[in-house]
Every structure is written in structure tokens, then in C-alpha cells.
Protein chains: 2
Amino acid sequence: MTRHEMKGFLSFLIMWFIYKKEMTGAEIAIELEKRKGNKPSPGTIYPALKDLKDKGLIKDDRDKKYSLTKKGEEELDSHLKTFFDTFCDLDEMKSCCRKK
Amino acid sequence: MTRHEMKGFLSFLIMWFIYKKEMTGAEIAIELEKRKGNKPSPGTIYPALKDLKDKGLIKDDRDKKYSLTKKGEEELDSHLKTFFDTFCDLDEMKSCCRKK
DNA sequence: ATATAACTATCGGTTTTCCGATATTAAGGG
DNA sequence: CCCTTAATATCGGAAAACCGATAGTTATAT
């Protein structure tokens, strides 16, 4: 089956993942593979994590488990709002998808 | 309120729009502004339309109203599947968003 | 018919986003 | 302790995505 890139949501997804449960970089990569079908390369995942950390949106403990900072939670919330505004007709999209 | 780019979904959204209802470039720009908060420039919207047309995914009539081709419908369906696989926990995301 | 405005189109270039290659560090087994 | 493997990190660069500026086209009103 064809897979589509749909770039631009990597940071958003990472933040969403570790909001739900603190994760290491490797665990994040596995979760992305499950959903998107292809595993992101280390050169994708770790710079993304570094960037989020530099922005103060995520933090890591000794075991390299990442979690959101307070600022990160606010940012995620803001992202979610934009997301659901942009895809305001998700139900319609979903039913359309199932029909075929 | 902060708006986030979330790049990479322009073509997807355009195809979704004109699947629901045939639209001109200007109408598509207005719909994008409604959802995302900022109106894409002509330099964004028309090259995107040209690209989709060159790929045989959309077609236009005399009035420049765009609609999906058969191939475009298949492509949209495939995109939708990828989308809902990637965002497989939309309900959770939505309830999280509302909580705050 | 002509002026004005709105829409469409194209180009070059900038930014964003991602990845391959490579290096470094940490973990586990013998 | 050393070897192997896995995880993490960094860099340069490639590709994708987008936009500003500009120009051409069409529509509308007077």
C-alpha cells in the first residue's frame, strides 16, 4: 500500500507520544514505525529531540526518557487546537475513508 | 493565539476540499484561511494546484473549478488511510485538547 | 470600451524538514 | 575487562514545502 510522507508533523507527534508516556528516542522511533510504516533514521529522530529540548519543550532524565516540560504541555495544547481547527471535519473524513 | 505551521498537508487538504465540492483556487485559499487562520499566498496555492494537475490527480473545467480525477480519488483515499493510521488515537487527542 | 479590481499563473529563492553517514556512548555477554 | 550490539548524538546536505514579487488574465462596473 502506498504510504504518504505527510511531513511537518514529526515534532507534534513526538510531543504527543511523550505526553502520554515518557519515552526514549528508540521507543519513539518504534512508535513512529508502527503508525507510519517506516522507521525514521537516527538522523531524523535525535536532532528533532535536541531541537525540542533546546526550545525547553521537553526534558530527559538519567535513563534518557523524555517527558514534556510545563512549556511543552502548553505548546502541545496549542498545537492540538490548531490541528483540530485545520481538520475540523474529521468525522466526515473518517466515514469517507471507511466507505471505500 | 499561537498558530502552528504544520506544513506538509497542503495538497492533502486541497484534495479533501475539492473532493467534497469543486472549488476554484480562490475558494480553496479562503477555506484554508478559515481553518488555519492565515491565507496562503498565490505563490503557494497555484503551484500546488499545478502540481496536482500535472500528476493527473485533479482537473479543472472552463470556470477553473477544480475536481478530483479518478486517480485523485484513489490517491485521496490512500492519504486518508495513512492519515488515520498515523493519528490512530484522535479521540484521545481530542479529549485531551478539550480538558484544558 | 476602458478602467479597476480580482483571480490565476510562474519564477526564484528561502526556509523547513528530514535523512545518510559517521562518530560517540552505553549496555550486555562471555 | 573486552567484544559485540544497541542506542544516542552530530554534521552536512538534499529534498520538500512554501512564499514574495511579479506578470498575465479575466471579470465587473461605469
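Note on naming: letters A, B, ... go to the chains in the order of the sequence lines (proteins, then strands), and numbering restarts at 1 for each one. Keep in mind the model is a prediction, meaning the values are calculated, not measured.
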All salt bridge (Lys or Arg N to Asp or Glu O under 4.0 Å) counterparts of B:Lys71, not counting sequence neighbours: none
Can you list everything that forms a ring pair (Phe, Tyr, Trp, His ring centres under 6.0 Å) with A:Phe12? Sequence neighbours excluded, please. A:Phe9, A:His79, A:Phe83
Using five base pairs at each end to define the local axes, how bent is the helix from C:dA1-D:dT30 to C:dG30-D:dC1, to the nearest 10°? 30°
Check whether any side-chain heavy atom of B:Glu92 lies under 4.5 Å from a side-chain heavy atom of A:Lys20, and answer yes or no. yes
Between C:dT10 atom P and B:Leu52 atom CG, what is the distance in whole Å? 14 Å
In chain order, what residues pass the salt bridge (Lys or Arg N to Asp or Glu O under 4.0 Å) check against B:Asp60, with sequence neighbours excluded? B:Lys53, B:Lys64
Length of the line joining A:Asp51:CG and C:dT15:C1', which is rounded to integer Å: 14 Å
Write down the distance between CZ (B:Arg62) and C1' (C:dT8), rounded to a whole number of angstrom. 17 Å
Over how many whole Å does the gap from A:Ile28 atom CD1 to C:dC18 atom P extend? 14 Å
Roughly, in whole Å, what's the span from NZ in A:Lys64 to C1' in C:dT25? 10 Å
For the pair made of NZ in A:Lys53 and P in D:dT10, what is the distance, rounded to whole Å? 9 Å
Would you check if the side chain of A:Ser78 reaches a backbone N or O of A:Glu74 as a donor-acceptor pair within less than 3.5 Å? no
Counting distance only, does the side-chain N/O of A:Asp61 pair as donor-acceptor with the main-chain N or O of A:Asp63 below 3.5 Å? yes
Shortest non-hydrogen contact from B:Tyr66 to B:Ile58? CD2-CD1, 3.5 Å
Using the side-chain heavy atoms of A:Lys50, tell me which of these nucleotides is nearest: C:dT8, D:dT8, D:dT10. D:dT10
Heavy-atom protein contacts under 4.0 Å, nucleotides 12-27 of chain D, coded B base, S sugar-phosphate only, - none: ----SSSBBB------
Over how many whole Å does the gap from A:Tyr46 atom OH to C:dT17 atom P extend? 21 Å
Do A:Leu32 and B:Thr86 have side chains that approach each other closer than 4.5 Å (heavy atoms only, starting at C-beta)? no
Tell me, please, which residues at least two apart from B:Asp54 pass salt bridge (Lys or Arg N to Asp or Glu O under 4.0 Å). B:Lys50
Whole Å only: how far is the NE2 atom of A:His4 from the P atom of C:dC18? 17 Å
